[in-house]
Amino acid sequence: MTKILGKTGLESWLHNIMQERALVAPKHVGDLILFDPVQSVDEVVFDYENTNLSPKEFFFPRTDTLFTTKSQDNDVELIPTIIDQETVIFGIRPCDARGIAMLDGPYLDDPADSLWAQHRNKTTMIGLSCTKPAPQCFCTSVGSAPNDSSSVDIMLTEVDDGYAVEAVTEKGERLLQGVELKESDVTLSAPSCDTSVPAEGIVETVKKVFDSPYWSRLADRCIHCNVCAYVCPTCYCFDIRDRTDKGKIERIRTWESCQSKGFTRIAGGHDPRADKGSRLRQRFCHKLLYFPQQFGPLSCVGCGRCVVSCPVNIDIREIISDLQELGAKVG
Amino acid sequence: MSEDNSPLVIGFLCNWCSYAGADMAGTSRQAYPPNIRIMRVPCSGRVDPLLIVKCFEEGADAVLVAGCHPGDCHYTEGNYHGRRRFALLRDLLDFMGIEKERFRIEWISASEGKRFAKVVSEFTDEMTKLGPRKVG
Amino acid sequence: MGEDFTQQIRDKAKELLENGAVECVIGYETGSDGVSARPAFIYDAAEVDRLAFDNTCTHNLVKYLLDKKGKSTAVVVKGCDSRALNLLLSERQIQRDKVYVIGVVCPGVVEWGWNKRSEQLQKRCNWCRQHTPVVSDFAVGEPITEEPPAEFADVAEMATKTAEDRATFWRDQAERCIRCYACRQACPGCYCIDCFVELLDPEWVGIRIAPDENWMWNTIRAYHLGGRCISCNECERVCPVNIPLSLLNRKLEQEVLDLFDYKAGMSEDAPAPLITFKKDENLGIAE
Amino acid sequence: MVKEATEKVIPNPFVPYPATLTSSVDLTTDVKLFTLELDRPEDEFDYKPGQFAFVSAFGVGEGPFGLASVAYRKEGLQFAVRRVGTVTNALHQLEPGAKTGVRGPFGNFFPLDDYKGKNIIIIGGGIGFAPLRPVITTILDNREDYGEVLILNGARSPSDLCFASEFDDWAKPPRTKVELTVDAGDDNWNGRVALIPDVLAELGPSPKDAIAIICGPPIMIKFTLTRLKNLGFGDEQIVTTLEGKMKCGLGKCFRCNVGEKYVCRDGPVFTFAEISQFIEQF
């Protein structure tokens, strides 16, 4: 039996959630659709392909304060950031949720990143499965599916008279407490997504073609604009620096990208990745080789954002195909 | 904006003319409002537009750049270059919502202590009337 | 346009690569979606058939010449792009004798989109007053000799708003900015080895990705292109959060025209307005 | 793969231990040796030669520096810091008594216990000599555990030689030699004027039962490596400590990686046998 929540039921549930917690949902911002805090259910966009930016910023904010300092009588007190706000993210796609769960790998690896852990603890993810994946999507090719509920707390799937509801985790069950659900025998359709990206065996292939001139040829076109990294749900590089404002010092971290010049330049001037080709290779090898070696899965969830957003059409799907072809030739 | 709600004015004064003019205002006991925070710079041409934008970013209500009269620059042509840069920057800032009036460029010589005091007084008055910057 | 232009570009590229005149031809090819163009780098005469030209060729390929310094390179340019050549030549960033210019008379490019061909001309093409390249060694298409005068309706519209509304507008844009610097990376005029935004000492712009810092970045980025921007509008196209950077650029373009009667990139030896001056101008300052 | 985020309060690994600068001594014109004491006794940590820690200049940032002291001597945490950027500039301006912060220790270390009974060749160039100092201290404090010891220290000029005041003490124990060289001498310099790889070839240490520990700029390492191989040293007999751009030290910011290895966590100490297996050139 499937449990169904009607459309008006969903709206009042979201409204109730908003009374006690921050609700983040897809919303129109200018001509974009972004995950953003909403003040009323009217702002929520229910029908969208994928947001322009990933929801990673609610776990790994663009700018985060690691700690602040308080100076008194030549004594420095360091105050770590505590996150109190309970947040619910509504409408997260399976690919994005999977990206976030994947980053538990590096971030919760000992010693755990306490800010990430706090954000994870305080946030409940209500997933919305994709009924019609966008042409750039390829989650099925990289080990997931448009209805993959493995990384969300609650999964909703749109059906004729509302949404089929699946409580995936205890956290999800808690959030659903008191919500009236109808029983129904509707069967959920399993939409398909692009399965043609030959990601299988890519880890071994990348090792073989690591020193290929392919990378520097590809980098000819790359303008190293960082867009791919900033829209990506699994890119997690950061920069750390102090900020002083009227005597208050905070140590902050912000998004950064391995594509920017000088990312690996050390103080003495040496830069192991000074050329464009090795920087571009770093990004794809992180996703297709290093991350799998360290944590298992490819760190690409197939959301297709970089595919659409790249100003010069550097397309990870095409790169995976090219590499497989190249690898086959190398033998 | 300072705490008492009076405008915060940042003044970049060229070392050779306008700073000496401000000095002259002081020694000849010409009163002018204390709202201005003075930065001494070698030349008005040295005032990188970055400095001005930075002032506004950090919350200044107004910026004054003062240098030698055209033709009198200690470095011959610094203020001519500055004049072009400031003219363009002022229009850009205005377009971005920082009214033209908030960014003022004046030529004040070392002997014009009285005029320095007058400029700062008028500028501060004008800014008080205009009120604090409402956004940003 | 279309096939005829494509064929002329391929033939020329083949000739240049075969006779060794250039090492690489930078042009366009069809992208992975089968619809929109993307930059192509052709090193081998056997590959010239990858080259194509149509109304999705939006990229300003002159940017790539900065990566090809000292190497003989041919580049396909549209009218707007060609002005970037003059900009870089006048700023001594590239050498004329190392660049072979394939200049395409551009009827305009359409809104860029992945996997979909728009019929809508880009904003910049409606403003465009330079359909014919100002520099070219090999011309593709019939030159257009008469261009209408520049107009700035969008800038004028912004100016009708109150200062507070203008400030709010740009504040909202800054809030959305994610400081990826794609605008800078796409711009042929942005080639500083150390960009002010990344300098640590002095730290002009803090690293927070927050409205104040983002506002500072966007303001100065635009200003540094004052009198240098050649209106290819690639910065706006590549922006992942759709900040209307063209408004800033065009405001400056208009002011530069009004104040200094100057248009960037029209010749390789006219000095940019901010590196020169006239003694007897007052520009509305300290009158 | 996915670990459950636990509800318990996790300590923030980015918050340093508060510390006080107790002394700041000029080693060369642009290198200072800082001694720091942790403010809270409960923060005291053990560390081994080769490990590093982040030192904070509050208001500017923090940077990773090799620990130049040894834990068992309990003389405070020492770091030799060359003035090259904003953080190191700020650190150089601190006066004794200033508040700072330390995060560490991070990384692996030189397995000196495994080297017992072997001949040790220690080669350092410029500021690269700093992480080798605790190696020397440890070996000389346990002199009888090791065979012949050759210390080769090079720098651009005599005034750039780090730890010059300690050379005499290092040369005192039996079977211990200290060789110095500079790229360019000055009026007071009577020693060698030669590049480290050339001096090494001239001294020609035997690879038999030997370990070579090298640290310095990439170019020096490259040529020293060639000379050591010519002398018959195997890749597993040559150990170095790598420098990578780091922000976290925790294996999270993915900046110091060489292939799938992190310099901060899997290193910084690697044998050349390990380095030759890296997928990426460094």
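The chains referred to below are lettered A, B, ... by the order of the sequence lines, with proteins before strands, and numbering in each begins at 1. These numbers were taken from a predicted model, which means no experiment stands behind them.
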Legend entry - C/Arg179 charged N/C atom sitting above A/Tyr230 aromatic ring, 6.0 Å / 45°: no
Ignoring hydrogens, what is the shortest heavy-atom contact between [X] and [Y]? Give both atom names and the distance.
X: C/Ser32; Y: A/Glu318; result: CB-OE1, 3.7 Å
X: A/Thr254; Y: C/Arg208; result: CG2-CA, 3.9 Å
X: C/Ala182; Y: A/Val227; result: CB-CG2, 3.5 Å
X: C/Gln185; Y: A/Ile223; result: NE2-O, 2.9 Å
X: A/Thr63; Y: C/Ile209; result: OG1-N, 2.7 Å
X: A/Arg221; Y: C/Glu29; result: NH1-OE2, 4.2 Å

Inset, instruction - Please indicate whether C/Lys71 has more than 12 foreign heavy atoms, meaning atoms of other residues, nucleotides or ligands, lying under 6.0 Å from its NZ. - result: no
Inset, instruction - Kindly check if the number of other-residue, nucleotide or ligand heavy atoms within 6.0 Å of NZ (C/Lys69) is above 12? - result: yes
Considering only heavy atoms, which portion of [X] lies under 4.5 Å from any heavy atom of chain C: side chain, backbone, both, or neither?
X: A/Arg305; value: neither
X: A/Arg217; value: side chain
X: A/Gln259; value: neither
X: A/Arg241; value: both
X: A/Leu32; value: side chain

Legend entry - Greatest number of heavy atom pairs closer than 4.5 Å to chain C - which of A/Asn52, A/Leu34, A/Val29, A/Asp31: A/Asp31
Legend entry - Among the listed options A/Asp64, A/Asn313, A/Ile314, the residue most often paired with chain C at heavy-atom distances under 4.5 Å: A/Asn313
Inset, instruction - Kindly compute the distance separating SG (A/Cys225) from OH (C/Tyr181), expressed to the nearest 0.5 Å. - result: 13.5 Å
Legend entry - Reported CD-to-SG distance for the pair A/Glu256 and C/Cys180, which is rounded to 0.5 angstrom: 12.5 Å
Legend entry - C/Ile193 versus chain A, the contacting section by heavy-atom distance below 4.5 Å: both
Inset, instruction - Answer with side chain, backbone, both or neither: which region of C/Glu203 has an atom nearer than 4.5 Å to a non-hydrogen atom of chain A? - result: side chain
Side chain proximity check, [X] to [Y], heavy atoms < 4.5 angstrom:
X: A/Val312; Y: C/Tyr64; answer: yes
X: C/Ile178; Y: A/Leu53; answer: yes
X: C/Lys68; Y: A/Asp220; answer: yes

Inset, instruction - Quick one: which of C/Arg184, C/Glu198, C/Arg176 has the most heavy-atom pairs under 4.5 Å with chain A, could you say? - result: C/Arg176
Inset, instruction - Pick whichever of C/Asn242, C/Asn115, C/Ile207 has the most heavy-atom pairs under 4.5 Å with chain A. - result: C/Ile207
Inset, instruction - For a side chain to side chain contact (heavy atoms under 4.5 Å, CB included) with C/Val238, tell me which candidate from A/Cys310, A/Pro311, A/Ser309 qualifies. - result: A/Pro311
Inset, instruction - Return the set of residues passing ring pair (Phe, Tyr, Trp, His ring centres under 6.0 Å) with A/Phe284 (not counting sequence neighbours), or none when no residue passes. - result: none
